[in-house]
Number of protein chains: 2
Amino acid sequence: MAQRGQSDAAGRPPRAPAENAAEITTPMPAIGGNGMPAPGLRDRARAIPEAAVARLAVYLRVLSGMREQAVASVSSEELSAAAGVNSAKLRKDLSYIGSYGTRGVGYEVEVLIDQIERVLGLTREQSVAVVGIGNLGHALANYGGFPGRGFPVTALFDVDPDLMGVPVGGIPVDHIDDIPAVCAAREVTIGVIATPPAAAQAVCDRLVQAGVECILNFAPVVLQVPETVEVRKVDLAVELQILSFHVARRADHAPADDATPAPRVDGVAAPRGVVVRR
Amino acid sequence: MAQRGQSDAAGRPPRAPAENAAEITTPMPAIGGNGMPAPGLRDRARAIPEAAVARLAVYLRVLSGMREQAVASVSSEELSAAAGVNSAKLRKDLSYIGSYGTRGVGYEVEVLIDQIERVLGLTREQSVAVVGIGNLGHALANYGGFPGRGFPVTALFDVDPDLMGVPVGGIPVDHIDDIPAVCAAREVTIGVIATPPAAAQAVCDRLVQAGVECILNFAPVVLQVPETVEVRKVDLAVELQILSFHVARRADHAPADDATPAPRVDGVAAPRGVVVRR
DNA sequence: AAGTGTGAACAGCTTCACAGCG
DNA sequence: CGCTGTGAAGCTGTTCACACTT
């Protein structure tokens, strides 16, 4: 069952193009003075680098796994190894959210989980709407329970008449035109676009209209949105092309050797300072 | 139809954890001397920043769209606007791959497409294997033709006996145990992991065994791989959590205003120096 | 006159290394 | 004594601004 087609609509009003990650460092254009390196006291979610936020999410998952295995505390060394980063980076990341470790000992798993969840805003549930109920949309709708709670999918949309009202993963599918009404009613805060490229911008417009300010876009299109809206893009083709680049680079650099697949590692020179603790 | 379960296997040998992007700048551990800022003449794919590679893929798509509409040439201003980046960045990105523009004029669409494809290694087709034929796997298998040619999916794997031999998107599904044989036979260069988390590492091991050196991982797990293997991760939960973080930050900063969705932009203070040229 | 290509300044992120605390 | 937390150094990537070419 392939993705459904959706007709594009309406000319688009002037908007800023949305870029993805690693650029905006949790913007916060000069509220007080500046140059205050220490954590601002009153507002919690201050200048946490975007890159650190992404990793915090990873730490959270690893920590959840540890909790399940009844691990009570971890050192930065252990946690960083499990998360695939180096320990200094991990400690710095954690320092952005506060000082919850015990020197000479490590971190309490439970405490860290709570704190990361707080910073990521996972205490308040975020209602998610998925638009475009093709294969990908189905996969997303069924994702249901995430690593913990946190992201209930509460609305599904498509244009295919055959899908209207049909429940997918327990949620009935509504028509795209109802996005504003339904999203408002269900207090959707995050919209996921899983439509064909041609429909993406129109869908995005409707989501924005509905007051959704955070969008995850799977369509291979650069969405134009107002600056108040945060867009993240997941682009399969781009990912593959990046990998392709690496294949090509490899081929250029090592035109020889081909056999001996899966070389055992262990004593192989570490590229940077990555400590592999297990 | 949810994703199939797969039993994990074998204890994992020591390997380095795989991190994602924005860190490795197209590694190339000291072949000659160093400190040579100018582009090395002989090997083409030199130090192109990973971030730039990702954007080149985006430019490529935009350019393809332009070619379809019979656009013959573009200025950096136009192209950058369409790609959602600023023009200086675009020019710098393009400069990494060579000087293919005409001063005072712009770039020839055709030429740029060819050059970017060359650098990304898209001239040589990359055979892709998808492991885990759940909803996501289906979606990926059917992705079939990408923006242009380039990534034929030539192998599918799962553990579900009901799927064995069943063609999905034209390709019959094989058993996970056959990964080494099938991948070798079909010269797979890129493996995509779309299995449940518990199976991901085992699948990854088999892919590596099969000689696959580039992996795109959709499972929410930090894969351990030899250093010779390039892993990119697409993590839905992480993406949502990053968005959640932004929702939370927003709520903290602007506890007021709620109505007036979709505010018109245009004269609104640009956060950094983003030029919104249209 | 227009727009590319790029050195140089800048900003953000990562890594180091060690002071400080339990 | 061990491990956290963090200033400071280093590096990568972004932005600026302008010389240079057509």
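As a basis for the values below, the full set of heavy atoms in this structure was taken, side chains included, without hydrogen atoms, waters or symmetry mates. A, B, ... follow the sequence lines: proteins, then strands. Residue 1 opens every chain.
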Original post:
Starting at CD of Glu77(A) and ending at P of dT15(C), how long is that distance when rounded to a whole Å?
Top reply: 13 Å
Subject >> Interatomic spacing from CD1 in Ile116(A) to OG in Ser64(A) - rounded to 0.5 Å >> reply: 8.5 Å
**OP:** Apply the test side chain to side chain contact (heavy atoms under 4.5 Å, CB included) to residues Leu79(A) and Leu112(A): give CA-CA distance (whole Å), side-chain angles for both, the deciding distance (0.1 Å), then the verdict.
**Re:** CA-CA 11 Å; Leu79(A) 182 51; Leu112(A) 229 42; 4.0 Å; yes
Original post:
salt bridge (charged side-chain N to carboxylate O under 4.0 Å, His left out) between Arg91(A) and Glu77(A): does it pass, once the steps are laid out?
Top reply: CA-CA 9 Å; Arg91(A) 287 200 301 280; Glu77(A) 207 62 63; 5.2 Å; no
Original post:
Donor-acceptor pair, Arg55(B) side chain versus Val85(B) backbone, under 3.5 Å?
Top reply: no
Subject >> Spacing of Asn86(A) atom CG and Ser80(A) atom OG [to the nearest 0.5 Å] >> reply: 6.5 Å
**OP:** Kindly point out which of dG3(C), dT4(D), dC13(C) is positioned nearest to the side chain of Ser76(A)?
**Re:** dT4(D)
Subject >> Electrostatic pair Arg232(A):Glu50(A) at N-O distance under 4.0 angstrom >> reply: yes
Subject >> Length of the line joining Arg55(B):CZ and dG13(D):C1', which is rounded to integer Å >> reply: 8 Å
Original post:
In whole angstroms, how far is the P atom of dG12(C) from the CD1 atom of Ile48(A)?
Top reply: 15 Å
Subject >> Asn86(A) CG - dA17(C) P separation (whole Å) >> reply: 12 Å
Subject >> Lys89(B) NZ - dG12(C) P separation (whole Å) >> reply: 13 Å
Original post:
Within this structure, what is the CG-to-C1' distance between Asp93(B) and dT15(D), rounded to whole angstrom?
Top reply: 12 Å
Original post:
How long is the line joining CG of Leu56(B) and P of dG13(D), in whole Å?
Top reply: 13 Å
Subject >> Euclidean distance, atom CD of residue Glu108(A) to atom P of dG22(C) [Å, nearest integer] >> reply: 15 Å
Original post:
Between Val105(A) and Gly106(B), which is nearer to the 5' end of DNA chain C once each is assigned its nearest nucleotide?
Top reply: Gly106(B)
Subject >> nucleotides 5-10 of chain C: protein proximity per nucleotide (B base, S sugar-phosphate only, - neither; heavy atom, under 4.0 Å) >> reply: BBBB--
